[in-house]
Amino acid sequence: MKNGQNVLRIQEHHDCAFVRRVEQQSHQKVSQCYQCGNCTASCAFTDDYDFPVNQIMRLIQLGRKETVLGSRAIWLCGQCQACTVRCPCTIDVARVMGTLRVLALENGYVADKNLRRFADEFLRSVSLFGRVFEAGLLAAYKLRSGTVLSDMELAPELLKKGKLSFVPHRIGGRREVAALVKRFSSAL
Amino acid sequence: MRIGVFVCRCGTNIAGTVDTQAVAAGALASPDVVYATELLYTCSEPGQQEIQNAVLTHRLQGVVVAACSPRMHELTFRRAVEKAGLNRYLLEMANIREHVSWIGQDKAANTEKALELVRMAVAKVRRNEPLFGSQVPLTKRVMVIGGGVAGIQAALDCADAGLDVVLVEREPTIGGKMAKLDKTFPTIDCSSCILGPKMVDVAQKENITLHAATEVESLSGTIGNFTVTLRKKAVYVDWDACTGCGLCMEKCPSKKNPDGFNEGLGAAPAIRIPFPQAIPKKAHIDRSACRYFSTGKCRVCQKICPVGAVRFDMEDRQVVEHVGAIIVATGYDLFDPAAYGEYGAGRYPDVITAMQFERILSASGPYGGHIRRPSDGREPRDIVFVACVGSRDKSVNRPYCSGVCCMVIAKQAILARDHLPEARCYVFYMDIRAPGKNYDEFVRRAVEEYGVQYIRGRVGKIYPKGERLVVQGADTLLGARVEVDADLVVLATGVEPSRGARELAEKLHISADTNGFFMEGHPKLKPVETNTAGIYLAGACQGPKDIPASVAQGSAAAAKVLALFARDSIATDPQTAHVMEKVCIGCGKCLSVCPFGAIQWKTLRDGTKKAQVLETVCQGCGLCNATCPPKAVQLNHFTDDQILAQLETLCA
Amino acid sequence: MTDRSSLRILGFLCNWCSYGGADTAGVCRFRQPALLRIIRIPCTGRMDPMFVVKALVQGADGVLVSGCHPKDCHYGVGNFYARRRLETVGRFLSFIGMDPRRFRYTWVSASEGQRWQQVVTEFSALIEELGPNPGIGSSAPASHSRQFLSG
Amino acid sequence: MPMSDCVAYYPGCSLEGLAVEYDVSTRAVCRALGLTLVELNDWNCCGSSPASLHEPMLSAALAGRNLLLAQENHLNTVMTPCPGCLKALKGAIKIRDSHPEALAQALGRPLSEQVHAVSVLQLLYEKVGPEALSRAVRRGFDGLPVVPYYGCLLTRPQAVARFDDPENPVSMDRLLEAVGCTVPDFPFKTECCGATSGITRSDIVSRLSGRILDMAQRSGARAIVVACPLCQQNLDLRQAQAEKAMGTRFGIPVFYLTQVIGWALGLPQKDLGLEKLIVPGDGLLPAREPPEPSES
C-alpha cells in the first residue's frame with residue numbers, strides 16, 4: 001500500500017458506518033466489486049490518481065474512511081462514465097466517486113482547494129444571475145485561486161472571437177434560483 | 001384409520017430451528033394419529049427401520065413423515081412403507097426443512113408452522129386410497145439428441161450394450177465443438193485423433209441410426225414409450241447416393257462463402273462437406289450461397305456429380321421415431337463478443353475469438369496450421385489473450401463462470417509459443433480456475449516453461465494504432481493501468497446454452513435454469529436426470545463443461561438408460577384421473593382440455609355418453625379435474641377431497 | 001387450529017416449477033417470513049378457482065398460487081388454463097366483498113430461489129399490512145354474494 | 001405547426017458565451033429542417049458539476065425548474081445541445097420518476113411524467129434521420145474525411161442516455177455520411193477529453209485531448225465533429241496547449257455537428273458562427289455555392 005502503510009490491521013481500521021453510508025448515498029452495493037480492475041483499465045484520469053479506482057473500491061470495502069476521503073483521486077475523477085459503462089458487476093462506479101466527494105466535503109476533507117473554490121464561485125454566479133456568467137466566473141475564480149497567469153494565453157483568442165460576454169444576463173427568476181441554491185447547498 | 005407421524009431432526013438441519021419433539025407431541029392431537037415420534041435421520045437405514053417397526057407394532061394404516069422436500073425423499077419413504085406392507089400411496093410428507101427450518105430463524109414460529117404442515121399432511125393421508133399402477137411394455141430404443149462428444153459417448157455406450165440408438169444431429173455432421181478444436185488440454189493431444197475414431201464408430205455401428213441435419217419437432221408419450229417427430233432438413237443432395245468424393249466442391253463456382261466450420265475465416269463453396277473427417281461424409285448445399293437458388297442458373301454440381309445425387313427440388317421431410325428414453329446432449333454455443341463495443345470484435349479483423357484461433361492453429365484450418373493475422377496474413381509477434389469475455393459479467397447478462405476458458409487460453413498460448421517461438425504471449429485474467437486433474441500444473445507450465453506473461457486484470461478497451469492493436473487493461477496487482485501493443489488479440493468468449501435450447505426444453509417438457517441451461521433432477525444426486533422421467537442430460541447443455549466431464553456425463557446418462565431398460569415393463573404412475581360415471585354429465589369439457597388426448601367417449605348400454613380416462617396415456621396434470629363442472633373427474637392422490645381437507649385444516 | 005394469533009397464507013404450488021423454486025430457496029437458505037403454508041399440486045392447471053375462494057372465505061389471510069413460467073409448463077398448457085381461470089378470481093373476490101389483493105398468482109421456476117424469496121417476502125409484507133382477513137363482505141358491499149356462495 | 005410538434009429549447013449557459021456558435025447553428029439547422037424550437041423563457045443554469053458537490057436535490061431542483069418551464073408551455077420534449085445540461089435534466093427526470101413527491105416539494109409544483117429531455121443529436125437523428133437529411137443537402141461534403149467525437153455523456157451511461165450504443169455510437173456517423181462526409185473508423189469516439197479538468201488542471205486536458213487529436217490525425221480525418229461545448233473547447237480552444245504538451249502540430253478544426261449540417265444545407269456562414277472557431281475550418285468547407293432549389 002501507498003503512504004508507507006505496508007501493514008494494515010483489518011479490524012482496527014474498518015469503519016462499518018462509512019461503508020453503509022457510501023452504499024446508501026450512492027445506491028450502489030460496493031460488496032459486488034470483485035476487483036477485476038476494468039474501472040482502472042478504462043480510467044482516463046488514473047495517471048494522476050494517488051489510488052486507482054479499483055483500489056478506491058477495495059478501500060471502501062475495507063472501511064478505510066480516512067484514506068478514501070483524503071485521497072486525491074476522488075477530486076480528479078472527470079465523471080466520464082467509462083468505469084460505470086464497463087463494470088461487469090454493474091456498479092455505477094462514477095456515482096460512487098461522486099458520492100465520495102460529497103462525503104469528503106461533509107467531513108471536512110478537501111484534497112483540491114481550487115476545485116472547491118471554482119464550485120463556490122460557480123454557484124455564487126448562479127445565485128446572482130440565475131445563469132453562469134462565464135467571464136465574471138473565470139475572473140473571480142482565477143483571482144481567488146491565485147492562478148491568474150495560467151491559461152492567460154487563451155484570453156486574447158477568446159476576446160478576438162467574441163466568445164466572452166462582459167455583460168451578465170440576469171434572469172427574471174433569479175431570486176427563485178438563489179433560494180434553491182441556498183436551500184439545497186451547504187456551502188453558500 | 002391408524003396414522004403414525006415421524007418427525008425428522010435431520011441432525012441439526014431441522015432440529016436447529018424447529019422443536020421437533022413439540023411437533024411430534026402436537027401431532028398426537030390430530031384425529032386418527034395413534035403414534036408420533038421424532039427421529040434423528042429418518043432417511044437413514046435405522047430411521048426407515050423405525051418406521052417399518054412402528055407400522056407393524058402400531059398397526060399403522062397411514063404414515064406421515066415430516067422431513068425434507070418430497071422431491072428429495074418421497075420415493076425413499078414410499079419404498080420403506082411398502083416394505084412394511086402398506087400401499088406406497090398411504091404415505092404423505094410434510095416439508096419442514098426446505099420450507100421451514102432452512103428459511104427462518106424464529107424457532108417458535110417455525111415449530112408452529114411445522115406442526116400445521118404436519119396436521120395438513122395428516123388430513124390428507126386420512127383421505128388417501130391405495131393406488132396401483134399397471135405394467136406396460138418398454139420400447140427398448142434410445143434417442144440421443146446432439147452429436148457432440150457427450151452425445152457420441154452416450155450413443156456408443158448404449159449401442160455397445162446392444163440397444164438400438166437413434167442419434168439426432170442438427171448440423172450436417174456430428175462432432176460438435178470438439179471437432180473444431182486443434183488440441184485438447186492438459187495433454188495437448190490432437191482433438192480429431194481422439195474424437196475421429198469415435199465418430200467413425202458411430203457411422204459403423206449397425207444399431208445406431210444417424211439423422212444428421214435433423215431437428216426435433218415434437219414429442220409425445222411418457223417414459224418407456226415416447227414418440228418423437230423429427231424434421232430432416234433439405235440438404236439438396238441424396239445422401240443415399242452421395243459417395244462423398246468431393247468433386248462438386250471443386251467445381252462449384254460459388255466459392256467465396258463464409259466457412260461456418262472455420263468460424264468465418266477462409267471461404268467455402270456453396271456445396272460442401274463440412275470437413276474431411278465429417279460423419280456422415282456427405283455433401284450438402286448452403287442454399288443462401290448457391291447460385292442456382294439465387295439466379296435459377298448454374299447446376300454445375302448436378303452436371304458433374306458422378307452418381308447424380310444432387311436434388312434441387314428436395315424438401316424438408318418428417319420422420320417419426322419411437323423410443324423408450326431420450327438423452328439430451330445439445331451442448332453449447334459461444335458468446336458473441338460484438339456485445340463488447342469497446343473490444344471491436346467484428347470491426348477489427350485481428351480481434352478474434354478463441355474458437356477462431358483454434359481453427360487457425362489447426363492443420364486442417366483456413367491457414368493450414370500456420371498462425372497468421374486474418375487482416376494481412378502476417379505472423380503475429382505479440383499475441384494478447386483476454387479471459388472472461390461474456391463470462392462473470394452481469395452487464396452482458398452472463399453472470400456465471402464458463403469454466404473452460406482459463407484452460408483454453410493456457411493451451412492456446414502454449415501452442416502459439418510452439419508454433420512461433422519468437423512470439424510473445426500475454427494473458428489478461430481475473431482469476432485462474434483450473435481445478436481439474438493436472439490443470440493447474442498445465443497453467444503453471446504456460447507461465448514457467450513457455451514464458452507466457454499473465455496480467456491480473458480485465459481489459460477496458462482495444463483499439464487499432466497503425467498496423468497493430470493497443471490493448472488497454474489493468475494490472476490490479478500493481479494498481480496500474482497497462483497497455484500492451486498486439487498484433488493479434490484472442491477473446492476467450494464464454495459458454496452459453498446452444499441456440500434453440502429453450503425451444504427444445506419446451507418441446508421436451510424439461511426445464512431450464514435462469515441462464516438457459518437445462519435443469520438437472522437434483523444438483524448433486526441426479527446430475528444427468530431431468531424432472532421428466534425417461535429424459536436424461538449429458539454434457540454442456542446442463543452447464544459449462546470440459547471434454548472429460550462431458551464424456552463422463554455421456555456415459556452416466558447411458559448407464560441410466562441401460563438401468564431403465566434392464567426390465568421388460570414399466571409400472572405406470574397411478575396418479576391419473578378417473579371418472580365417476582354416475583356423476584359425469586357427458587359435457588365433454590374434459591376431452592377438450594386434456595393436453596394428451598387421454599380422455600375419450602364411452603357409450604353405456606343405455607346409449608348415454610360418458611368420459612373415460614386412458615390410464616396409460618394420462619399424465620396426471622389434473623386439468624380435467626379442475627374443468628369438470630360436476631367434479632366427476634377426479635385426479636388420484638390429488639382429489640378435491642384431499643386438497644380441501646388440507647385447506648380446511650389450515651383455515652378452520 | 002389452536003391459536004390464530006398470527007397470519008396465515010395458503011400457497012398452491014405446482015410440483016415441477018414453483019415447488020422446486022421454493023425448495024431451491026430453502027437449499028440456498030434464503031430467509032422468508034413464516035406466514036406461508038404450501039400445498040403441493042401437480043400443475044396450476046389443477047387449481048380450481050373455488051380453492052382460492054374457499055380458503056379466503058374460511059379465514060386464510062392470503063392465497064398465493066405459483067406455477068411455471070408461460071411456455072415452461074411440464075404438461076404444456078396447464079398454466080395457460082390456470083392463468084385464464086385465476087384472472088377472473090380477483091374480480092370475483094371484489095364481488096363478494098373480499099379484498100382482491102389477498103390473492104396473488106405468479107410464476108417461479110425451479111431454479112429461481114431468489115425470485116421465490118422475493119415473492120414470499122413481498123406478499124407476506126402485503127398481508128401483514130392488510131392485517132387479519134375480516135371475512136367476506138368486509139371490503140365492498142355486495143348483498144347477494146353470501147347467497148351466491150351458499151347456493 | 002401545432003404546439004405539440006414544437007420542441008422546447010434549453011440552450012444552457014455555455015451556448016450564451018464560449019459556445020455561442022453552437023447556439024446559432026443549432027437554431028439555424030432546426031429552422032431549416034422544419035423543427036420549431038421554442039426557447040424556454042427565463043431558463044436558469046442547470047447547476048452543472050458544481051451542484052453535484054451538494055445534496056442530489058440541488059442539481060435536480062435547478063434542472064427541474066427548466067423542465068417545469070417547458071411543462072407550463074405545454075411542451076413535453078426539451079432539447080438541449082449541451083450534454084452536461086442533458087445529464088442534469090435527465091438526473092432531475094430520474095428523481096421525478098423515483099421520488100416524485102420530493103421533487104414536487106423542492107420545486108413547489110409537481111413535474112409531469114410526460115416531460116422528457118433529448119440532445120440535439122438525438123432530435124436530428126430520430127426526428128429528421130439520415131435519409132431525410134441527405135435529401136435536404138445542397139452543398140455536399142464530397143467525401144471529406146471527418147471523425148465524429150461523441151464524448152462521455154451523450155450515450156452513457158446507457159440506462160440514463162437510452163440512446164445509441166455506449167461504446168461504439170453511430171448516430172453522428174450516419175448523419176455525417178448523409179451530408180457527404182466519409183467517416184473512417186475512430187476508436188476514441190467516447191474517450192474522455194478531460195471534461196471540466198481544464199479549469200483547475202489544464203495539463204490533464206492537454207494530455208487527454210492530445211490523445212484524441214492524435215488518433216484523429218492517424219485515422220486520416222481532416223476535422224473532428226463534436227456535439228458538446230466542453231469537448232469543443234478542450235479540443236479547439238486548448239488545441240495549442242495540447243500541441244505544446246505533445247511537441248507536435250495538429251491544426252485540426254473542431255466543428256459542431258450543427259455547423260457541418262448547416263453548411264451542407266446551404267445556410268450562410270453568419271448563421272453558423274464558423275468564424276468563431278479557434279482552429280479555422282473554412283478551408284475544408286465545399287466552396288461551391290448551393291444550386292437554386294429545383295422544383296420537383
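Throughout, a chain's letter reflects where its sequence line sits, starting with A, and its residues are numbered from 1.
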TODO: Would you mind telling me which of Lys631(B), Gln105(B), Lys124(B) has the largest number of heavy-atom pairs within less than 4.5 Å of chain C?
DONE: Gln105(B)
- [ ] Determine the option with the most heavy-atom pairs under 4.5 angstrom with chain C, choosing from Cys621(B), Gly26(B), Gly622(B).
- [x] Cys621(B)
Of the backbone (N, CA, C, O) and the side chain (C-beta and beyond), which part of [X] lies under 4.5 Å from a heavy atom of chain C, both, or neither?
X	result
Lys507(B)	neither
Leu508(B)	neither
Ala512(B)	backbone
Thr627(B)	both
Val100(B)	neither
Ser511(B)	neither

Open item on the list: Checking the side chain of Arg37(C) only, and the main-chain atoms of Leu117(B) only, is there a donor and an acceptor separated by less than 3.5 Å?
Closed with: no
Task: Donor-acceptor under 3.5 Å (Lys113(B) side chain, Leu36(C) main chain) - done: yes
TODO: I would like to know whether Ser69(B) and Tyr19(C) meet side-chain contact (heavy atoms from CB on, under 4.5 Å); could you show each step before the answer?
DONE: CA-CA 9 Å; Ser69(B) 170; Tyr19(C) 197 91; 3.6 Å; yes
- [ ] Check the pair Val27(C) / Arg97(B) against side-chain contact (heavy atoms from CB on, under 4.5 Å), numbers first and verdict last.
- [x] CA-CA 9 Å; Val27(C) 171; Arg97(B) 192 178 74 175; 5.8 Å; no
